[in-house]
Undergrad: 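Got a structure for you, written out below as structure tokens; questions coming shortly.
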Amino acid sequence: MENDFIKRGETAYLILEKAHEGVLIAELESKRLRYSNPSLRRMLGYSEKEILRLTIDDIHPAPSRLSVRDIFRSLLQGGKKIIHSVPCLRRDGTVFFADISTFKMKISQTCCYVGFFTDISERRVTQEEIENSQRLLASVFDAVPDLLIVIDRAYKIKYTNYKGHDLIAQPEAEKGDTCYGRFKLLEEPCTDCSALPVFEKGIAVEREMVNPADNRVREVGAFPIKNAAGEVVYVVEYVRDITERKQAEAERLRLEQQVQQAQKMESLGLLAGGIAHDFNNLLQSIYGHIEIARAESMNPETNDALEASLNTIHRARSLTQQLLTFSKGGVPARKPGDIKQFLRETSQFALSGSQIICRYSFPPDLWPCDYDSNQIGQVIDNIIINSVHAAPQGGNIYISARNLKIGTGAHNYLPSGSFVKISIRDEGIGIPPEIINRIFEPFFTTKQSGSGLGLTTSYSIVKRHDGCIEVESEPGKGSIFHIILPASQRAVAEEPAPVTAAVRRGGKILIMDDDTIVKKTLQAMLEYYGFTVACASEGTEVLRMLGDGGESLASFSAIILDLTIPGGMGGKGVITEIRKRNQEIPVFVASGYADDPIISDPVASGFTDSIRKPFTREELIGMLDKHLCYAGHQPEGEPSLGAGAKGAGPGRPLNP
């Protein structure tokens, strides 16, 4: 009877049998299945006889049966239902999903449930894949630290990521709002909209912009999304805060420029050092010949001209010392000295040709300082020149000094002890507060023609003197530079009396120098004072002269060695060999590289004393007089002609 519930052969039956959708008829009261077409049986995996023994509950998994019963109850009240994604149970226990269109009708006097089943398993898998892709895309978008926004051609927001929610001006607004209204609270598109050219031309746009509200730099980019026809339907726009990156790039560029500057300055330093060394050799020859000419001349006018030339050469010597300090820095050759007169002379020289008047204030009991006059002179020059530039209309510079006692922990950079504080105050334009902490940085300068090395070099020099340099300034009221140097614990040596031609010396001196002009000049200077001179060009020649087959070391009263011999053995190598043979003979080191530590502390390397090129005859003879003995003369501090300490170069008799 069940098989005839729908009459076979009738048109309706044939239609149902051929339908692609599954068709099911069940009694509403008992829920017993009365008809199923082949398509439904294939979906469920039952034969025609098997399926007619089932009820509605049997073709749905247990968790969904209650919802199916609700459908039947609603059908009893009449109406039509379309239910999506209903889970259905196959004969083998697997589950598939179907969209079911249901309605109630009376068949053969029986109130029935009619259902049309559409298997949506494949569609559901596709939908899940789409949803998974959308979730993945959303996760990726939300993981991006930049603002991402998708807008359509009406500038309405289709999507924004979490970062966008943080930046939204109206967080309560929803998708569909315009981007200009949501982010800028405007009523029309922004005048500088990045999306506009993308919609018009279909090309990507990237640019940087600075927000005046917070001075942050942001990178904005817009990219097209096209349909199959190639039309731009959406624009993806990003906003990235690149302030820190721009600052890092600027800092990297600044450091690269500093490195490049340092490399340039290193090359210039090597060039300056070489020029200064060669120039010192030339000055040495000029010194010697002018001094000899001055000693021989009986013409007062000629002597005045020669004296003026020597004064000019003294300035040239100071210039070469500055070049050497610039090129290599170097350990200062500190000597105790009265700083008052030095400050007067140095400042007046630096102020030559300016409209500045210098005023001084020094207490009579000002302590002496240990300082390198060439290097500290360079510091004073740099500060005063800066002061002159700061006051182009003229004015005053006030230079003062006072004794300073520093207690333990009383100063951030200096230990406890006795110091002299030098203050240089100008009446210039002052230093702006935003740059005052940078004035000692390498290559930092506010002058178009400046190198940014003057104050850096000054800072380095004072620091190498175990002191410090400080600055105070107020825009429009001038600046004060304070130079603090350690007070000397040694007595200030008196200036040696001028050497006169009447004092004649004697003995044999060996000179080593690679410069022929310098050798001849030194030879002439020494012979003028009665010495016999032998010359060598480099260290191996000296050692051959002092060894077997040459002159005996004992035949020389003293040796003067050039410190540096390009391509040969210099003074440092020679002194090592000489001291192996003789600890007493006075050996002096001379060099145009006055910043070398050996020049600052010659005794530590085995020398008796040192002298800087270019030197005057008074300096040369003064050094020899200090350490040598000859007829009617005894070296300073020597009670007798006995042997001196190792490496100290004691006085020894010279035989005229």
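Residue numbers start at 1 and run along the sequence shown. All values reported here derive from a predicted model rather than from experimental measurement.
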Undergrad: State, with a plain yes or no, whether a side-chain heavy atom of Val235 is found less than 4.5 Å away from one of Ile225.
TA: no
Undergrad: For Ala222 and Ser194, work out which heavy atoms get closest and say how close.
TA: CB-O, 3.7 Å
Undergrad: Quick one, His465 with Ile376, criterion side chain to side chain contact (heavy atoms under 4.5 Å, CB included). Give me CA distance, side-chain angles, the key distance, then yes/no.
TA: CA-CA 9 Å; His465 276 74; Ile376 295 299; 3.7 Å; yes
Undergrad: Side chain of Ser423, backbone of His482: donor and acceptor closer than 3.5 Å?
TA: no
Undergrad: Are there over 12 heavy-atom neighbours, none belonging to Glu131, within less than 6.0 Å of that residue's CD?
TA: yes
Undergrad: Which residue in the set Arg207, Arg245, Lys246 passes salt bridge (charged side-chain N to carboxylate O under 4.0 Å, His left out) when paired with Glu219?
TA: Arg245
Undergrad: Is it the case that the side chain of Asn37 and the backbone of Val23 share a donor-acceptor pair, with hydrogens and angles ignored and the cut-off at 3.5 Å?
TA: yes
Undergrad: Any sub-3.5 Å donor-acceptor pair from Asp58's side-chain atoms to Thr55's backbone N or O?
TA: yes
Undergrad: Could you state the interatomic distance from CD1 (Ile51) to OH (Tyr46), rounded to the nearest 0.5 Å?
TA: 7.5 Å
Undergrad: Hey, does Ile483 have a side-chain heavy atom less than 4.5 Å from the side chain of Ile380?
TA: yes
Undergrad: Heavy-atom distance under 4.5 Å between the side chains of Ile59 and Leu54, does that happen here?
TA: yes
Undergrad: Decide whether Arg464 and Ser460 meet the rule of one side-chain donor and one side-chain acceptor closer than 3.5 Å.
TA: yes
Undergrad: Which distance, rounded to the nearest 0.5 Å, do you find between the OH of Tyr35 and the CD of Glu17?
TA: 3.5 Å
Undergrad: Which pairs pass ring-ring contact (aromatic ring centres under 6.0 Å, His included) with one or both residues in residues 188-214, sequence neighbours excluded?
TA: Tyr155-Phe199
Undergrad: Got Val150 and Thr160 here, is their nearest side-chain heavy-atom distance under 4.5 Å?
TA: no
Undergrad: Would Arg124 count as a cation-pi partner of Phe97, with NZ or CZ less than 6.0 Å from the six-membered ring centre and within 45° of the ring normal?
TA: yes
Undergrad: Salt-bridged, Lys31 to Asp57, with N to O below 4.0 Å?
TA: yes
Undergrad: Quick one about Thr110 and Glu27 (side-chain donor to acceptor, distance below 3.5 Å, no hydrogens or angles considered), yes or no?
TA: no
Undergrad: Roughly how far, to the nearest 0.5 Å, is the OG atom of Ser36 from the CG atom of Leu24?
TA: 7.0 Å
Undergrad: Which heavy atom in Gly115 sits nearest to a heavy atom in Phe117, and how many Å separate them?
TA: O-CD1, 3.8 Å
Undergrad: Hey, is Arg218 close enough to Glu208 for a salt bridge, meaning N to O under 4.0 Å?
TA: no
Undergrad: Would you say the side-chain atoms of Thr126 pair up with the backbone N or O of Glu122, donor to acceptor, closer than 3.5 Å?
TA: yes
Undergrad: Using atom types as modelled and distance alone, determine if a side-chain donor or acceptor of Ser473 lies under 3.5 Å from a backbone N or O of Ile431.
TA: yes
Undergrad: Under a 3.5 Å threshold, yes or no: a donor from one side chain and an acceptor from the other, between Asn382 and Ser458?
TA: yes
Undergrad: Heavy atoms, side chains only, cut-off 4.5 Å: are Leu485 and Phe419 in contact?
TA: no
Undergrad: Just by distance, do the side chain of Thr94 and the backbone of Arg90 share a donor-acceptor pair under 3.5 Å?
TA: no
Undergrad: Between Cys468 and Leu414, what is the shortest heavy-atom contact and its length?
TA: SG-CD1, 3.7 Å
Undergrad: Search all heavy atoms of Tyr413 against all heavy atoms of His411 and return the closest pair with its distance.
TA: N-ND1, 3.0 Å
Undergrad: Rounded to the nearest 0.5 Å, what separation is found between the CZ atom of Arg34 and the CG atom of Leu52?
TA: 8.5 Å
Undergrad: Give a yes or no on whether a salt bridge exists between Asp99 and Arg123, defined as a side-chain N under 4.0 angstrom from a carboxylate O.
TA: yes
Undergrad: What's the shortest heavy-atom distance between Pro87 and Val95, and which atoms?
TA: CB-CG1, 3.9 Å
Undergrad: In terms of heavy-atom contacts, does OH of Tyr459 have more than 12 from other residues, nucleotides or ligands at under 6.0 Å?
TA: no
Undergrad: So, do Ile424 and Ile397 sit near enough that their side-chain heavy atoms are less than 4.5 Å apart?
TA: yes
Undergrad: Tell me every residue that passes side-chain hydrogen bond (donor to acceptor under 3.5 Å, both in side chains) with Arg216, counting only those two or more places apart in sequence or in another chain.
TA: Asp241, Thr243, Glu244
Undergrad: Kindly write out the residues that satisfy side-chain hydrogen bond (donor to acceptor under 3.5 Å, both in side chains) with Ser47, not counting sequence neighbours, or none if the list is empty.
TA: Glu50
Undergrad: Taking all atoms of both residues into account, what is the closest heavy-atom pair of Met43 and Asp119, and its distance?
TA: CE-N, 4.0 Å
Undergrad: Quick one: are Ile107 and Ile25 in side-chain contact, heavy atoms under 4.5 Å?
TA: yes
Undergrad: After noting the C-alpha distance and the side-chain angles of Ile480 and Val471, does the key distance pass the side chain to side chain contact (heavy atoms under 4.5 Å, CB included) rule?
TA: CA-CA 6 Å; Ile480 307 175; Val471 62; over 6 Å; no
